[in-house]
Amino acid sequence: MLNIIQNNPYRFLGIFSNSPIREKVANTNRLNAYLNANRQVTFPLDNICSLGTISRTTDGLGTANGSLNLPKDQLKYALFWFINATDIDNMALQYLQNGNVEKAEELLCKRDNFSSLINRGVLYFVQENDGEAIRNITKVIHEEEYAESFVNAICGNTFTIDEEG
């Protein structure tokens with residue numbers, strides 16, 4: 001499995017890549033409180049896809065937050081983490097959290113939209129099906145409609161990007 005998935009800053013913070021800023025701040029504050037008390041905190045996304053445990057430290061918290069400061073970095077990490085943009089995504093992600101990978105994959109394959117493609121790509125990387133993962137994520141990057149929807153979901157509609165940068 002890719003290191004960028006295993007150690008994704010969104011995963012560290014326990015949020016989806018398109019979670020509202022208030023959720024990121026709330027989880028950061030909760031992490032700070034737990035880490036200052038020398039306790040570990042868990043989030044619902046910690047067990048998604050059986051990714052294994054995640055070790056959270058104060059340094060890691062600073063790194064995770066710093067990794068998501070710039071829109072281009074938010075987009076980079078969002079390509080390799082789950083996004084909850086539609087009702088189907090929500091249902092599929094619930095199945096993943098409950099360990100039912102087959103049902104989640106079945107739901108995600110019912111539609112081709114930017115979020116189902118990203119979620120399938122991440123799931124396929126976790127399953128070490130790199131060819132399918134790359135096909136799904138590349139489709140989001142190179143098809144204008146998908147790319148625009150993806151950028152809007154992660155960075156809002158005031159940020160634009162083209163394939164060159």
Worksheet item: Closest approach of Asn8 and Tyr10, non-hydrogen atoms and distance?
Response: OD1-N, 2.9 Å

Worksheet item: How about Asp87: does its CG atom have over 12 heavy atoms from other parts shown lying under 6.0 Å from it?
Response: no

Practice prompt. Mind listing the closest non-hydrogen atom pair of Phe82 and Leu96 along with its distance?
Written response: CE2-CD1, 3.7 Å

Practice prompt. Considering non-hydrogen atoms only, spot the tightest contact between Leu13 and Phe43 and give its length.
Written response: O-CE1, 3.9 Å

Worksheet item: Out of Ile141, Val140, Ile134, which residue meets the side-chain contact (heavy atoms from CB on, under 4.5 Å) rule with Ile137?
Response: Ile141

Item to complete: Measure from the side-chain N and O atoms of Gln97 to the backbone N and O of Ile48, and report whether any donor-acceptor pair falls under 3.5 Å.
Response: no

Item to complete: Can you see which heavy atom on Lys24 is nearest to which on Ile15, and at what distance?
Response: CB-CD1, 3.9 Å

Item to complete: Return the minimal non-hydrogen interatomic distance between Ser67 and Pro9, and the atom names on each side.
Response: CB-CG, 3.8 Å

Worksheet entry | Aromatic Tyr34 / basic Arg56 pairing, under 6.0 angstrom, 45° off normal | no

Worksheet item: Side chains of Asn29 and Val25: closer than 4.5 Å at any heavy-atom pair?
Response: yes

Fill in: Derivation and outcome, side chain to side chain contact (heavy atoms under 4.5 Å, CB included), residues Arg120 and Cys109
CA-CA 8 Å; Arg120 285 194 316 243; Cys109 288; 3.5 Å; yes

Item to complete: Please lay out, stage by stage, how Arg111 and Thr86 fare under the test side chain to side chain contact (heavy atoms under 4.5 Å, CB included).
Response: CA-CA 11 Å; Arg111 274 186 151 162; Thr86 69; 4.2 Å; yes

Fill in: Distance-only polar pair, side chains of Tyr124 and Glu105, donor-acceptor under 3.5 Å
yes

Worksheet item: If you count the non-hydrogen atoms of other residues, nucleotides and ligands that lie under 6.0 Å from CZ in Arg30, is the total more than 12?
Response: yes

Worksheet item: Heavy atoms, side chains only, cut-off 4.5 Å: are Thr28 and Asn65 in contact?
Response: yes

Worksheet entry | N/O donor-acceptor pair under 3.5 Å between Asn119 side chain and Ile83 backbone | yes

Worksheet item: Taking C-beta and beyond as the side chain, do Phe80 and Asn7 meet within less than 4.5 Å on heavy atoms?
Response: no

Practice prompt. Answer yes if the side chains of Ser149 and Asn152 hold a donor-acceptor pair under 3.5 Å, and no otherwise.
Written response: no

Worksheet item: Is the backbone of Leu51 close enough, under 3.5 Å, to the side chain of Gln6 for a donor and an acceptor to pair up by distance?
Response: yes

Practice prompt. Kindly give the heavy-atom pair with the smallest separation between Arg11 and Ile5, and that separation in Å.
Written response: CD-O, 3.8 Å

Fill in: Worked verdict on Ile118 versus Leu79 for side chain to side chain contact (heavy atoms under 4.5 Å, CB included)
CA-CA 6 Å; Ile118 292 293; Leu79 285 170; 3.7 Å; yes

Item to complete: Please report the C-alpha distance between Val151 and Leu75 in whole Å, then the side-chain angles of each, then the deciding distance to 0.1 Å, and finally whether the side chain to side chain contact (heavy atoms under 4.5 Å, CB included) criterion is met.
Response: CA-CA 7 Å; Val151 170; Leu75 292 169; 4.1 Å; yes

Discussion item. Check Asp112 with Lys139, please: is the shortest side-chain N to carboxylate O separation under 4.0 Å?
Written reply: yes

Discussion item. For the backbone of Phe16 and the side chain of Ser19, can you confirm whether one donor and one acceptor N or O come within less than 3.5 Å of each other?
Written reply: yes

Worksheet item: Do Ile154 and Ser17 have side chains that get closer than 4.5 Å, going by heavy atoms?
Response: yes

Fill in: Ser115 side chain to Asp89 side chain, donor-acceptor N/O pair below 3.5 angstrom
yes

